[in-house]
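Below is one structure, written out as structure tokens; the observations come after it.
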There are 2 protein chains.
Amino acid sequence: MAHLHDLTKNQTLVLDALTKWDGPASAYSLLDQLRAQGFRAPLQVYRALDKLIEYGLVHRLESLNSFVACAHPHDHAHGLVAFAICDTCGQVDEFSDETVERRLKGWAKEHSFRLAKTTIEMRGICANCTAQ
Amino acid sequence: MAHLHDLTKNQTLVLDALTKWDGPASAYSLLDQLRAQGFRAPLQVYRALDKLIEYGLVHRLESLNSFVACAHPHDHAHGLVAFAICDTCGQVDEFSDETVERRLKGWAKEHSFRLAKTTIEMRGICANCTAQ
DNA sequence: TGGTAGATGTAATAACATTACGATCCTTCG
DNA sequence: CGAAGGATCGTAATGTTATTACATCTACCA
Ligand SMILES: [Zn+2]
Ligand SMILES: [Zn+2]
Ligand SMILES: [Zn+2]
Ligand SMILES: [Zn+2]
């Protein structure tokens, strides 16, 4: 597992851009954001994102084809993570649930399914947006 | 909720193709499959898939950008559904878990998150593939 | 000094999805 | 009957997301 000081220049740029971004960002919107810093091609972003995801500093939101900075970047070994994504404002809430994790791992064990990665994404409307 | 006999010609063609398909299929692979039946453009597939998903007869696998026929097409009102997807052979196992559903709905309620749709996808290697 | 592993730069292409517009079919009701 | 409205369909063009291929650079060390 890498620490912050292990990040390369491109990885740092991408992580910074994503951290400052309000909500999930697509790889191409990050690219646009980073053109000022010399980025020219999608692959520069995708390569950095791959590493950041590997390090647990970024998560990919499968249902949006987008990326978010980890909300708990110091929990390097956080287990299963779930996301609540507001379809109105784009806000993303990252959380964990021990029970859900135990149940899904239990299913995998029962079925001899060698679990590598779990995606949990809830789509809906957040409290703020509902209130308005 | 529509029954089978309500499906249009295109919807029926897409559902049949998907049902016969071994594993998840992308929209474009379905299109290729259906060219013999006169399909010409991606939109023909996407439109049919949209309806089939709305009717609960097809599920979209977000982490694969692909689609599968529902494994329990007669449970028209099935609640939360989870998928275990084998990264080796592509086999997809569709299942439900009351506890997981209750926990996630509980989180949503606690946070006043108006939940519309939940995606749960486990990626890994299935029992068969592990054995080999 | 040369080898090698990781990171980078760039162009081209592939894969996935939507917008826009018009035609067609079908039901409903004046 | 015939117009109105809605759902479906056909087609082209375009937009968005992701990867392949290949050359280069850099740090490290046998
Ligand atoms: Zn996280
Ligand atoms: Zn919101
Ligand atoms: Zn189903
Ligand atoms: Zn398998």
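Only this structure's heavy atoms are used, side chains among them; waters, hydrogens and symmetry mates stay out. Given the structure is predicted, the values throughout are model-derived calculations rather than measurements. In what follows, every chain begins at residue 1, and chains take the letters A, B, ... in the order their sequences are listed.
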Do A:W107 and B:V81 sit in one hydrophobic cluster, given that two such residues count as connected whenever their side-chain heavy atoms are within less than 4.5 Å of each other, even indirectly? no
To the nearest 0.5 Å, what is the distance between CG on A:D87 and NZ on B:K117? 10.5 Å
Thinking salt bridges, do A:R123 and A:E121 make one under a 4.0 Å N-O criterion? no
Check this for me, if you would: do A:R103 and A:E101 make a salt bridge, where the nitrogen-to-carboxylate-oxygen distance has to be below 4.0 angstrom? no
Quick check: B:H59 with B:F67 (ring centres under 6.0 Å apart)? no
Can you check the [X] [atom1] to [N] [atom2] distance for me, whole Å?
X     : N      : atom1 : atom2 : value
B:E54 : D:dA7  : CD    : P     : 11 Å
A:L7  : C:dG6  : CG    : C1'   : 14 Å
A:L49 : D:dT19 : CG    : C1'   : 14 Å
B:Q37 : D:dC9  : CD    : C1'   : 17 Å
A:D50 : D:dT19 : CG    : P     : 7 Å
A:L61 : D:dT17 : CG    : P     : 13 Å
B:L31 : C:dA14 : CG    : P     : 16 Å
B:Q11 : D:dA7  : CD    : P     : 13 Å

Return the nearest nucleotide to the side chain of [X]; candidates are [options].
X     : options               : value
A:Y55 : C:dT8, C:dT10, C:dA7  : C:dA7
A:P42 : D:dT19, D:dT8, C:dA17 : D:dT19
B:A27 : C:dA17, C:dT8, D:dT8  : C:dA17

Per nearest nucleotide of DNA chain C, the residue lying toward the 5' end, B:S66 or A:G38, is A:G38
Contact under 4.0 Å: [X] side-chain N or O vs [N] OP1/OP2:
X     : N      : result
B:K51 : D:dA7  : no
B:T8  : D:dT8  : no
B:N65 : D:dA18 : no
A:Q44 : C:dT8  : no
B:Y46 : C:dA17 : yes
A:R60 : D:dT17 : no

According to the 5.5 Å centroid and 30° plane-angle thresholds, does A:Y28 stack upon the nucleobase of D:dT17? yes
Using only modelled atom types and a 3.5 angstrom limit, is any donor from either the side chain of A:R47 or the base of C:dG6 paired with an acceptor on the other? no
